[in-house]
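A short write-up of the structure that comes next.
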2 protein chains.
Amino acid sequence: MERKAVSLRDVAAVAGVSVSTVSKVLRGQGKASDATRKRILAAAERLDFQPNALGQFLAQGRSATIGILAENAPGTFTMPVLTGATTAFGERDLSVLVYDSHLDRTVVAATVRKLKARKVDGLLVIGDGSGSDMHSVSEGFSVPVVYAYGISDDAHDPSFMHDGFLAGRLAGEHLLGLGRTRIAHITAAPSDLSAKARADGLRAALDEAGLPLVLGQPLSGDWTREWGIRAARRLLESGERFDAVFCGNDTIAAAVQDVLRESGRRVPEDVAIVGMDNITGLSGQHDGLLTTIDPNLTELGAVAARYLADAIEGGEYEGGVHTIPCTLIPGESTGALPRSAGSVAA
Amino acid sequence: MERKAVSLRDVAAVAGVSVSTVSKVLRGQGKASDATRKRILAAAERLDFQPNALGQFLAQGRSATIGILAENAPGTFTMPVLTGATTAFGERDLSVLVYDSHLDRTVVAATVRKLKARKVDGLLVIGDGSGSDMHSVSEGFSVPVVYAYGISDDAHDPSFMHDGFLAGRLAGEHLLGLGRTRIAHITAAPSDLSAKARADGLRAALDEAGLPLVLGQPLSGDWTREWGIRAARRLLESGERFDAVFCGNDTIAAAVQDVLRESGRRVPEDVAIVGMDNITGLSGQHDGLLTTIDPNLTELGAVAARYLADAIEGGEYEGGVHTIPCTLIPGESTGALPRSAGSVAA
DNA sequence: CTGTTAGCGCATTCAT
DNA sequence: ATGAATGCGCTAACAG
């Protein structure tokens, strides 16, 4: 179905010139008389010539492939990062060689060898978003290395992270903007850096407004629905008045909402709720019910990928943490969206 | 940080033999005396030799890279398929060049040229799961082409799809096994082939048990929450008795559950509900609330990828639709899971 | 301006 | 059993 591929030599033969001339002209390099240039272009066109990338790569010592080292590729939040990066690389005609380290150090070592053998032009390390730092592997490579959805423990490495602080701040400002003044925060333990960032952001917004956090500090547990339920009850039992809750993730938010309604509070009339992660949006089926913060993970992956692609082409390559802005998605849980057909109480 | 790469020639020099001998020995081909073999292996070891893949590829005319053509890469359901495929290829040391066609025909044409120039060893086309067939691009290639999450309109092509029929059947059998006998079905229009497959599967399970579908046929609309709400009301107003509802997706299931509870029905006591997609699981946070069917999309992508990888190595390569089994995830909405801490009504 | 000559690193006949 | 020679397809440095 596909005849023998046509090579530079074929084009040269037809155009009646040398191979190297064809190479130059086809790449717009050096000078060539208009006459021969036209002949060459015509010949290339007629033969439907396409340079064999393998030949180019060998000659140029590059591979046009990027190594990707994922700590946990099939992870829910890793997937969008990976997808974003992968397609962004594709747009630059860069292929990717993906290895899943399963968080295993020995696997990483073996993988690094393979990546070098493949002469990857760059490396993208994708973390699992947990606040803990990632072990830098950059010094093992002579090509640019970029970290995404995790922060390298070597400050010389460029790392890309979603902006948890901004998330907390956006949540806070949104609630304050709606006139809420007694805001509580239910989230995971602050030892989890991403929980801490969100809490700090919220606190910043409250400080600016001169308001305290209800209970003085976040209700800290873990990321589960179970914790969300327990924490919501604890909040109710505390007797403190509150008119809003910012939850560390959407799972907790859903749990809190269930408990509050069960207890007779109306959402959003009595209590407004903001979540984080936009998982229903991630599921492609945002239903407009829950106000939440989207960390824009696909974008995160894409931005990191483009940065790496640029670095490979000689662009700037600075260490430090680059932060990707997140977005507030309005929903009915803060009354930010008009009651729609999506609401059961029509 | 990384000295000049060591080549076959370097090893040959150290071992005091010719390049071609080293090449053979290192790849276990042909015969060589034990003496020289040892010397060569020792030299390679000492120099930490790793063959430059680019050289191998050029010489062998292969690229160890797979082209991936996605109709809609960032799509919710495409992501797991892509991730599964990508990491499966990685396990075989195959890199992937991903292009997102955005469902645009002209983009596809341009892309095909690029893929050929890169001398891809195979092509994986990823659809968007909508029942409609995908336009085959296989005849443009001389390498194996496999279709995933979509079915090629050319029966000679191998396509991999989740098993919607099985999904409906599993849902039906699960409900029947729980003693439910009056089962309704709320889903999208049957013109959507994936909606039809699920409906057919459910019908098969009911037929086997000699039971009719409540209302005689599915309540058919679309995949949205709004439709779920309307359909649930319609079901209630019909006056028909029912003790279970199989919903075409989880969004509809959530909507139906809300409406039923609003109307005073208890879930699962009065009505059991089964969804489809396992989106909360996809979100990494399955909360055990909703019984649903997981289409195993990551696995789908991985299986298709391995099939393609095998085909490239000369394995069998048959056309036709290969089906990936789905899995029922028990939850509280059918009482299949003991009431846990996840339940609000503790 | 254009052609010649060398590689890039490896695999693969074909001699020896 | 081993080595010399050739080619994969392209780029690049140097001549003419």
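First the proteins, then the strands, lettered A, B, ... as listed; each starts at 1.
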Quick one: does B:Ser159's side chain have a donor or acceptor within less than 3.5 Å of a partner on B:Val321's backbone?
no
Is there side-chain contact between A:Leu297 and A:Phe77, with at least one heavy-atom pair below 4.5 Å?
yes
Output the rounded distance in Å from NZ (B:Lys119) to P (D:dC8).
13 Å
Please check the phosphate of C:dC10 (OP1 and OP2 only) for any side-chain N or O of B:Arg27 closer than 4.0 Å.
no
Identify, residue by residue, the members of residues 51-60 of chain A with a heavy atom below 4.0 Å from DNA chain C, and return them in order of residue number, or none.
A:Leu58, A:Ala59
Atom-pair distance (CG on B:Asp10; C1' on C:dC8), nearest Å
13 Å
Within the structure provided, determine whether A:Thr323 and A:His162 are in side-chain contact (heavy-atom separation under 4.5 Å).
no
Does any N or O in the side chain of B:Glu71 come within less than 3.5 Å of the main-chain N or O of B:Ser101, such that one atom is a donor and the other an acceptor?
no
Distance check needed: D:dG3 P versus B:Ile40 CD1, whole Å only.
8 Å
Test ring-ring contact (aromatic ring centres under 6.0 Å, His included) applied to B:Tyr307 and B:Phe160, step by step:
CA-CA 10 Å; B:Tyr307 185 87; B:Phe160 288 78; 5.1 Å; yes
Starting from C1' on C:dA11, measure out to CG on B:Leu26 and report it in whole angstrom.
13 Å
Protein-nucleotides 2-4 of chain C N/O pairs closer than 3.5 Å?
unit_1: C:dT2; atom_1: OP1; unit_2: A:Ser33; atom_2: OG; d: 2.9
unit_1: C:dT2; atom_1: OP1; unit_2: A:Thr36; atom_2: OG1; d: 3.3
unit_1: C:dT2; atom_1: OP2; unit_2: A:Ser33; atom_2: N; d: 2.7
unit_1: C:dT2; atom_1: OP2; unit_2: A:Thr36; atom_2: OG1; d: 2.8
unit_1: C:dG3; atom_1: OP2; unit_2: A:Ser18; atom_2: N; d: 3.0
unit_1: C:dG3; atom_1: OP2; unit_2: A:Thr21; atom_2: OG1; d: 2.9
unit_1: C:dG3; atom_1: N7; unit_2: A:Ser20; atom_2: OG; d: 3.4
unit_1: C:dG3; atom_1: O6; unit_2: A:Lys24; atom_2: NZ; d: 3.4
unit_1: C:dT4; atom_1: O4; unit_2: A:Ser20; atom_2: OG; d: 3.2

Distance, rounded to the nearest Å, where B:Leu8 contributes CG and C:dT12 contributes P:
12 Å
Do B:Asp121 and B:Thr65 have side-chain heavy atoms sitting under 4.5 Å apart?
no
Determine, for B:Arg118 against A:Asp93, whether the closest basic-nitrogen to carboxylate-oxygen distance falls under 4.0 angstrom.
no
Salt bridge (charged side-chain N to carboxylate O under 4.0 Å, His left out) against A:Glu313, all qualifying residues, sequence neighbours excluded:
A:Arg92
